[in-house]
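Beneath this line is the structure, given in structure tokens, with notes to follow.
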Amino acid sequence: MKKFPITIAFLFMAVMVALLSGARVAEAVNCSPMELSSCAGAITSSSTPSSTCCNKLREQKPCLCGYIRNPALRPYVQSPGARKVAAKCGVPFPSC
């Protein structure tokens, strides 16, 4: 009879571990165009994007189509400078 509560406790713990580890994997990206402020200099000039810029651009990649759909952000995201930075960072420009 004692095996039953132990089995349930073990099963409960296994489910909790699975849920908690899954929560970390499924964390959403915080879509904030301000996260890309480190790219401003490279976008507006011919300077090479910094590693910080490229890392942030990779992080914000799932958000780019949302930025393109925003009329206030579209001109910046679709600018030749932004495309140049994306290419130099190895981030494919989205086709939304």
Side-chain angles (χ1 to χ4, degrees):
M1 208 56 169
K2 288 187 179 188
K3 287 185 179 181
F4 184 72
I6 291 172
T7 304
I8 290 178
F10 181 77
L11 182 61
F12 176 77
M13 288 174 47
V15 169
M16 290 304 292
V17 167
L19 289 174
L20 291 175
S21 64
R24 277 188 236 123
V25 171
E27 285 181 30
V29 173
N30 180 18
C31 291
S32 170
M34 292 306 296
E35 292 288 319
L36 297 173
S37 62
S38 60
C39 297
I43 290 172
T44 59
S45 71
S46 60
S47 65
T48 303
S50 66
S51 60
T52 302
C53 166
C54 290
N55 289 336
K56 288 295 185 178
L57 187 58
R58 284 185 205 97
E59 181 183 290
Q60 293 286 304
K61 185 181 172 194
C63 307
L64 295 178
C65 284
Y67 299 158
I68 290 171
R69 287 184 200 106
N70 182 327
L73 299 175
R74 183 180 307 123
Y76 302 105
V77 178
Q78 290 186 321
S79 72
R83 289 177 185 268
K84 172 195 70 153
V85 168
K88 286 187 177 181
C89 290
V91 176
F93 200 81
S95 56
C96 307

May I have the step-by-step check of side-chain contact (heavy atoms from CB on, under 4.5 Å) for C54 and V91, ending in yes or no? CA-CA 8 Å; C54 290; V91 176; over 6 Å; no
side-chain contact (heavy atoms from CB on, under 4.5 Å) between I68 and L73: does it pass, once the steps are laid out? CA-CA 6 Å; I68 290 171; L73 299 175; over 6 Å; no
Where is the tightest heavy-atom contact between [X] and [Y], given as atom of each residue plus distance?
| X | Y | value |
| --- | --- | --- |
| L57 | A86 | CD2-CA, 3.6 Å |
| Y67 | L36 | CE1-CD1, 4.0 Å |
| P71 | P75 | O-CD, 3.4 Å |
| L64 | P94 | CB-CG, 3.8 Å |

Could you check if a side-chain atom of C53 sits within less than 4.5 angstrom of a side-chain atom of S38, using non-hydrogen atoms only? yes
With heavy-atom distances below 4.5 Å as the criterion, would you say the side chains of K61 and P92 are in contact?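 Yes, at least one pair of side-chain atoms sits under 4.5 Å.
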Please check: side-chain N/O of Q60 versus main-chain N/O of N30, any donor-acceptor pairing under 3.5 Å?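 Looks like yes, one N/O pair under 3.5 Å.
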I need the full list of side chain to side chain donor-acceptor pair (under 3.5 Å) pairs touching residues 68-85, with sequence neighbours left out, sorted by first then second residue. none
